[in-house]
**Q** 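I have a structure here, written as structure tokens, and I will follow up with some questions on it.
Worth knowing before you read on, the calculation uses all heavy atoms, side chains too, and leaves out hydrogens, waters and symmetry mates. In what follows, every chain begins at residue 1, and chains take the letters A, B, ... in the order their sequences are listed.
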Amino acid sequence: ETGVTQSPTHLIKTRGQQVTLRCSSQSGHNTVSWYQQALGQGPQFIFQYYREEENGRGNFPPRFSGLQFPNYSSELNVNALELDDSALYLCASSSGGNTNYGYTFGSGTRLTVV
Amino acid sequence: GENVEQHPSTLSVQEGDSAVIKCTYSDSASNYFPWYKQELGKRPQLIIDIRSNVGEKKDQRIAVTLNKTAKHFSLHITETQPEDSAVYFCAACMSSSNSGYALNFGKGTSLLVTP
């Protein structure tokens, strides 16, 4: 088992609502990154957290926000949901904020916005 | 920012044949190139990676080559088996103060291995 757990596994929300997705990193990993994977596409980088601070951000609007907690778990919050936010949201953990270690992905949260 | 192109988008081979997937990247500062396999409904799994100080890396039936000058890297799977059928993603990474450690993924190659 990968050690990175995400919850919930599936979620259906209405346009305009807010959602919180959760991720527990693999033991020993202090960095968490979030990715959005639309159907048939590669994952797109949303942001990364290292030692509870945002350590980089992709091309996503401010209504996508996050947190990292002292135990290195993380939350992704999306406000004012849009239909295009429907996607698989992947959390990945790794060691070291700016070092090139391999990611371990969680199984993802499938978000559907109707 | 980094742009990763991946070809082909679909690839069908017969069991036992080889499969090659190619990727190009735009940012010469990228220095880490992982490959992920994603089966339907499952998480991406790292299958092999290469760093910019190495030209080739092999792990059993899987190999990756990197040409830094041309800014392209390739995945080679030999003696393909039906269980190799999946979507394969290449990615390129450069650590920076702005983007942290962000993987830039290609759009994926759907590999089908027929018995």
Side-chain angles (χ1 to χ4, degrees), chain A residues 1-6 9-10 23 25-26 29-60 66 68 74 87-110, chain B residues 1-7 9-10 21 23-25 27 29-54 57 59 64 66 75 86-110:
Chain A
E1 191 60 32
T2 183
V4 179
T5 57
Q6 291 187 244
T9 55
H10 296 84
C23 171
S25 61
Q26 180 169 313
H29 285 183
N30 56 14
T31 302
V32 172
S33 305
W34 287 92
Y35 286 78
Q36 180 195 66
Q37 186 177 22
L39 200 61
Q41 300 294 316
Q44 297 290 314
F45 177 68
I46 303 175
F47 43 56
Q48 180 184 85
Y49 279 84
Y50 172 62
R51 293 183 177 175
E52 303 177 56
E53 299 276 340
E54 188 178 285
N55 188 39
R57 189 178 182 92
N59 189 26
F60 279 80
Q68 187 179 33
S74 178
L88 179 67
Y89 288 84
L90 294 163
C91 166
S93 71
S94 57
S95 299
N98 277 342
T99 52
N100 295 337
Y101 293 98
Y103 279 1
T104 301
F105 280 96
S107 296
T109 294
R110 174 72 62 186
Chain B
E2 175 65 275
N3 182 43
V4 178
E5 301 278 344
Q6 183 172 348
H7 300 280
S9 56
T10 60
I21 303 171
C23 289
T24 61
Y25 61 98
D27 193 334
S30 288
N31 55 10
Y32 176 62
F33 307 91
W35 286 86
Y36 285 86
K37 175 183 179 182
Q38 188 175 29
E39 297 176 30
L40 191 63
K42 296 191 176 181
R43 70 178 69 93
Q45 291 194 301
L46 179 69
I47 56 172
I48 196 167
D49 58 13
I50 192 167
R51 303 181 198 282
S52 59
N53 59 346
V54 176
K57 183 176 178 180
D59 182 4
V64 58
L66 171 65
L75 177 72
V87 179
Y88 290 81
F89 292 97
C90 63
C93 170
M94 179 202 65
S95 292
S96 76
S97 59
N98 181 49
S99 66
Y101 167 33
L103 288 175
N104 298 282
F105 284 86
K107 291 190 174 182
T109 296
S110 180

**Q** For A/E52, which residues count as a side-chain contact (heavy atoms from CB on, under 4.5 Å) partner, sequence neighbours excluded?
**A** A/P70
**Q** Roughly how far, to the nearest 0.5 Å, is CZ of B/F105 from OH of A/Y35?
**A** 5.5 Å
**Q** Within a radius of less than 6.0 Å around CD of A/Q44, do more than 12 heavy atoms belonging to other residues, nucleotides or ligands occur?
**A** no
**Q** Taking all non-hydrogen atoms of both residues into account, name the closest pair between B/A102 and A/Y103 and its distance.
**A** CA-OH, 4.1 Å
**Q** Among all residues two or more places apart in sequence or in another chain, which pass the side-chain contact (heavy atoms from CB on, under 4.5 Å) test with B/D27?
**A** B/E2, B/A29, B/S30, B/M94
**Q** If you compare all heavy atoms of B/R43 against all heavy atoms of A/G106, which two are closest, and at what distance to 0.1 Å?
**A** CB-O, 3.1 Å
**Q** What part of B/Q38 is in contact with chain A, defined as an atom under 4.5 angstrom from a non-hydrogen atom: side chain, backbone, both or neither?
**A** side chain
**Q** With a 4.5 angstrom heavy-atom cut-off, is it the side chain or the backbone of A/Q37 that approaches chain B, or both, or neither?
**A** side chain
**Q** With a 4.5 angstrom heavy-atom cut-off, is it the side chain or the backbone of B/P34 that approaches chain A, or both, or neither?
**A** neither
**Q** Chain B heavy atoms under 4.5 Å from A/L88: which part of the residue, side chain, backbone, both or neither?
**A** side chain
